[in-house]
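Working notes, beginning with the structure itself.
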Amino acid sequence: MKILEGNAGALTNFEVLDFLRAKGASKDPTRVIAKVAPSEYKVYDYLVDTAPSVHTRESINEFLTSIKQHDLAKVEVLNILNIGPAADFELYPL
């Protein structure tokens with residue numbers, strides 16, 4: 001993965017998880033081999049146990065096309081993607 005433009009906008013948790021996986025982060029006990037900082041492993045461990053771990057690029061693109069009709073702000077869409085609500089009532093606080 002290559003950074004094309006620095007500070008271009010907020011990332012989804014899926015993109016952060018994808019970046020960490022590309023760097024070599026995993027649940028493998030031999031973590032010392034990968035070029036990942038200990039703080040990045042803490043982020044990785046958190047994200048693996050949340051909704052972004054089951055997302056795919058296709059599912060995110062499908063979600064983004066279906067959500068356009070609701071005229072939400074980019075921040076609202078980012079929150080929905082990052083939290084990954086499983087039921088309708090989980091959307092109300094957002």
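Keep in mind that what you see is a predicted model, and the values were worked out from it rather than measured.
- With values rounded to the nearest 0.5 angstrom, Leu81 atom CG is found 5.5 Å from Leu64 atom CG.
- When all heavy atoms are compared, the tightest approach of Asn82 to Asn13 is OD1-N, 2.6 Å.
- When all heavy atoms are compared, the tightest approach of Leu78 to Leu11 is CD1-O, 3.7 Å.
- Asn61 places a side-chain N or O within donor-acceptor distance of the main-chain N or O of Arg57, the cut-off being under 3.5 Å.
- Atom CG of Asp49 has more than 12 heavy atoms from other residues, nucleotides or ligands within 6.0 Å.
- Lys23 NZ to Tyr44 OH: the interatomic distance, rounded to the nearest 0.5 Å, is 14.0 Å.
- Applying the side-chain hydrogen bond (donor to acceptor under 3.5 Å, both in side chains) test to Thr50 and every residue at least two apart in sequence or in another chain returns nothing.
- Remark: Arg21 CZ to Leu47 CG distance equals 9.0 Å, nearest 0.5 Å.
- For the pair Phe63 and His55, the minimum side-chain heavy-atom distance is 4.5 Å or more.
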Passes side chain to side chain contact (heavy atoms under 4.5 Å, CB included), Val75 versus Asn79? Steps please. CA-CA 6 Å; Val75 174; Asn79 276 335; 4.1 Å; yes

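- Atom NE2 of residue His70 and atom CD1 of residue Ile80 lie 8.5 Å apart, to the nearest 0.5 angstrom.
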